[in-house]
**Q** 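Structure incoming, see below.
Residue numbers start at 1 and run along the sequence shown. We use all heavy atoms of the structure for the numbers below, so side chains are in, but hydrogens, waters and symmetry mates are not.
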Amino acid sequence: MRTKWAGVFPAVTTKLEENGEVDLRATQGSIERLIQSSVSGIIVLPMLGENASLKLSEKEKVIRAAKEVVGGRVPLLSGLAEVSTEAAIEAARKFQSFGAEGLMAFPSIAYKSDSRETSEWYRTLAGGCDLPIMIYNNPIAYGVDVTPAILRTLEDVDQIVCIKEESGDIRRVTDLYNELGDRFSVFCGVDDLILESLALGVTGWVSGMTNAWPEECVRIFELGRAGKFAEALDLYRVMTPAFHLDTSVKLVQYIKLAEHLVYGAPEWTRAPRLPLVGEERKRVVSVINNTIASLRSRSSKAA
């Protein structure tokens, strides 16, 4: 049977100390917080986890630390972002040995492959490892669009089970289902399109801001999945200004800052990413603090 992933799978940030060293204790604490808030899966080393900035030895520590805290309660996936097919297969096998139970696989991060090359990249990766694969489709960031036509060429590859849809075009969700039925699980990969995506039938959500507000994000997802859109809409509108931060090129800094302000997690990133300063920091802090205040007010009224 093919793996079936569904629900909220946060793309977990890798917590760092101010000197840039990986903070495994804080990373484990954040994962435990997410699981306690009823997320359905964990993805470590996504782009949000600064995958490309970490050494292999650090990635091993993150995956092993995550495996320890997850303890089989939910699926544990790892992001996989490599340049060559050979390196991708090698990394996939190592990540499996470290404890990963699935992959969220980027296209080649240094080459804009065409449709034939993109299909072959994923087919060869699947043939070179034993893990189920979620395709990471983010043409805005990486210049490679895994279209329904490309997915059609991968229908026979059992290990490819899911696509994280982040093209920014909400019509793509319907196109995927019209072209492929339910062959692949379709996950929304854009925080500020989740309710719209649920209305069109997605079964999961790879979310950034769930790192900061897991209970609220799971609540939105569950209401939308149950078709209770009117009930979900009020909370979604409260969260949307913060969700917009997930679409910026600085989403790592923004989401780590949100985690810092919401529950005290370290906000440090690894260079070339730098801490937010000046008017930009004030703007992002204002969005996050307004969201915190709105949620607090909403909670008080409910009580």
**Q** Looking at every heavy atom in both I31 and V44, which two are closest together, and how far apart are they?
**A**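 Heavy atoms only, the tightest pair is CD1-CG1, 4.1 Å.
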
**Q** Specify the closest pair of heavy atoms between W5 and P75, including all atoms of both residues, with the distance to one decimal.
**A** NE1-CB, 4.0 Å

**Q** Same cluster for L223 and M209 if Ile/Leu/Val/Met/Phe/Trp/Tyr side chains link at under 4.5 Å?
**A**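 No, no single cluster joins them.
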
**Q** Main chain of G201, side chain of Y177: is a donor-acceptor contact present, judged purely on distance under 3.5 Å?
**A**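 It does hold such a pair.
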
**Q** Quick one, L80 and E82 - any side-chain contact, counting heavy atoms below 4.5 Å?
**A**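 The answer is yes; the side chains approach within 4.5 Å.
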
**Q** Which pair of heavy atoms, one from I163 and one from M134, lies closest together, and at what distance?
**A**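 Minimum heavy-atom contact is C-CG, 4.3 Å.
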
**Q** Between the side chain of T27 and the main-chain N/O of D23, is any donor-acceptor distance below 3.5 Å?
**A** yes

**Q** State, yes or no, whether a side-chain contact exists between W121 and S119 at a heavy-atom distance under 4.5 Å.
**A** no

**Q** Taking T14 for its side chain and G49 for its backbone only, find out whether a donor-acceptor pair lies under 3.5 Å.
**A** yes

**Q** Would a 4.5 Å heavy-atom cut-off, applied to side chains only, mark N51 and M47 as touching?
**A** no

**Q** If hydrophobic clusters are built from ILVMFWY residues whose side chains come within less than 4.5 Å, do L233 and F229 share one?
**A** yes

**Q** If you apply the rule salt bridge (charged side-chain N to carboxylate O under 4.0 Å, His left out), what do you find for E267 with R281, and how did you get there?
**A** CA-CA 12 Å; E267 65 171 292; R281 185 179 181 90; 3.0 Å; yes

**Q** Tell me whether V186 shares a hydrophobic cluster with F9, the cluster being built from Ile, Leu, Val, Met, Phe, Trp, Tyr side chains joined at under 4.5 Å.
**A** yes

**Q** In the structure I gave you, are the side-chain heavy atoms of R33 and P214 within less than 4.5 Å of one another anywhere?
**A** yes

**Q** Evaluate the criterion side chain to side chain contact (heavy atoms under 4.5 Å, CB included) for residue pair I292 and W213; output intermediate values, then yes/no.
**A** CA-CA 9 Å; I292 292 170; W213 289 288; 3.9 Å; yes

**Q** Donor-acceptor pair, R152 side chain versus E179 backbone, under 3.5 Å?
**A** yes

**Q** Classify the side-chain pair S207/D191 by whether it contains a donor and acceptor separated by less than 3.5 Å.
**A**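 Their side chains do contain a donor-acceptor pair, which is all the 3.5 Å distance test asks for.
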
**Q** Flag this pair as yes if the NZ/CZ of K164 is under 6.0 angstrom from the six-membered ring centre of Y136 and inside a 45 degree cone about the axis; otherwise no.
**A** yes

**Q** Do F184 and L176 have side chains that get closer than 4.5 Å, going by heavy atoms?
**A** no

**Q** Other residues, nucleotides and ligands only: do more than 12 of their heavy atoms fall within 6.0 Å of CZ on R64?
**A** yes

**Q** Return the orientation label for the W205 and F221 ring planes: parallel under 30°, perpendicular over 60°, tilted otherwise.
**A** parallel

**Q** Rounded to the nearest 0.5 Å, what's the gap from OG1 on T174 to CG on L200? Could you check?
**A**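 That separation rounds to 4.0 Å.
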
**Q** Check this for me: does any side-chain nitrogen of one of D130 and R93 sit under 4.0 Å from a carboxylate oxygen of the other?
**A** no

**Q** Salt bridge or not for E50 and K15, using N-O below 4.0 Å?
**A**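 Answer for the salt bridge query: no.
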
**Q** When you compare the side chains of Q36 and E32, does any donor N or O come within less than 3.5 Å of an acceptor on the partner?
**A** yes

**Q** How about K250 and L276: do any of their side-chain heavy atoms sit closer than 4.5 Å?
**A**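 A side-chain contact under 4.5 Å exists here.
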
**Q** Between D169 and R171, does a salt bridge (charged side-chain N to carboxylate O under 4.0 Å, His left out) hold up when you go through it step by step?
**A** CA-CA 5 Å; D169 183 354; R171 296 170 295 186; 2.9 Å; yes

**Q** Check the side chains of Q28 and S30 for a donor-acceptor pair under 3.5 angstrom, ignoring hydrogens and angles.
**A** no

**Q** Give a yes or no on whether a salt bridge exists between E58 and K55, defined as a side-chain N under 4.0 angstrom from a carboxylate O.
**A**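 Salt bridge: no.
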
**Q** For the residue pair E196 / Y236, report whether a side-chain donor-acceptor contact shorter than 3.5 Å exists.
**A**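 The answer is yes; a qualifying pair exists.
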
**Q** Indicate yes or no: does E60 engage K94 in a salt bridge with an N to O separation below 4.0 Å.
**A**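 A salt bridge is absent here (no side-chain N lies under 4.0 Å from a carboxylate O).
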
**Q** Would you please test V285 and L257 for side chain to side chain contact (heavy atoms under 4.5 Å, CB included) and show each step?
**A** CA-CA 8 Å; V285 167; L257 180 56; 3.9 Å; yes

**Q** Answer with yes or no whether the side chains of T118 and S113 bring together a donor and an acceptor at under 3.5 Å.
**A** yes

**Q** Donor-acceptor pair, distance only, cut-off 3.5 Å: does the side chain of H260 make one with the backbone of A265?
**A** yes

**Q** Can you tell me if D246 uses its side chain to pair, donor with acceptor, with the backbone of D192 under 3.5 Å?
**A**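 No, because the side chain of D246 does not come within donor-acceptor range (under 3.5 Å) of the backbone of D192.
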
**Q** Using a 4.5 Å cut-off on heavy atoms from C-beta on, say whether the side chain of I288 contacts that of L245.
**A** yes

**Q** Tell me, with the steps shown, if K59 and F95 meet side chain to side chain contact (heavy atoms under 4.5 Å, CB included).
**A** CA-CA 8 Å; K59 294 178 184 180; F95 291 177; 3.9 Å; yes

**Q** Testing the basics here: between I43 and G79, what is the closest heavy-atom pair and its distance to 0.1 Å?
**A** CG2-N, 4.2 Å

**Q** State whether a side-chain donor-acceptor pair under 3.5 Å links E166 with N137.
**A**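 Note: E166 and N137 side chains miss the donor-acceptor criterion.
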
**Q** Is it true that atom CZ of R172 has more than 12 heavy atoms of other residues, nucleotides or ligands lying nearer than 6.0 Å?
**A**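 Enclosed.
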
**Q** Would you say E117 has more than 12 foreign heavy atoms packed within less than 6.0 Å of its CD?
**A**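 Yes, enclosed.
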
**Q** State the NZ-CG distance between K61 and L56, to the nearest 0.5 angstrom.
**A** 11.0 Å

**Q** What heavy-atom pair brings A92 and L131 nearest, and what distance separates the two atoms?
**A** O-CD1, 4.0 Å

**Q** So, do L251 and T247 sit near enough that their side-chain heavy atoms are less than 4.5 Å apart?
**A** no

**Q** With a 4.5 Å cut-off on side-chain heavy-atom distances among I, L, V, M, F, W and Y, is there a chain of contacts connecting V202 to I135?
**A**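 Both belong to a single hydrophobic cluster.
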
**Q** What do you reckon, is NZ of K282 surrounded by more than 12 foreign heavy atoms closer than 6.0 Å?
**A** no

**Q** Any donor-acceptor pair under 3.5 Å linking the side chain of Q159 with the backbone of P132?
**A** no

**Q** Answer yes or no: does atom CG of D182 have more than 12 heavy-atom neighbours from other residues, nucleotides or ligands under 6.0 Å?
**A** no

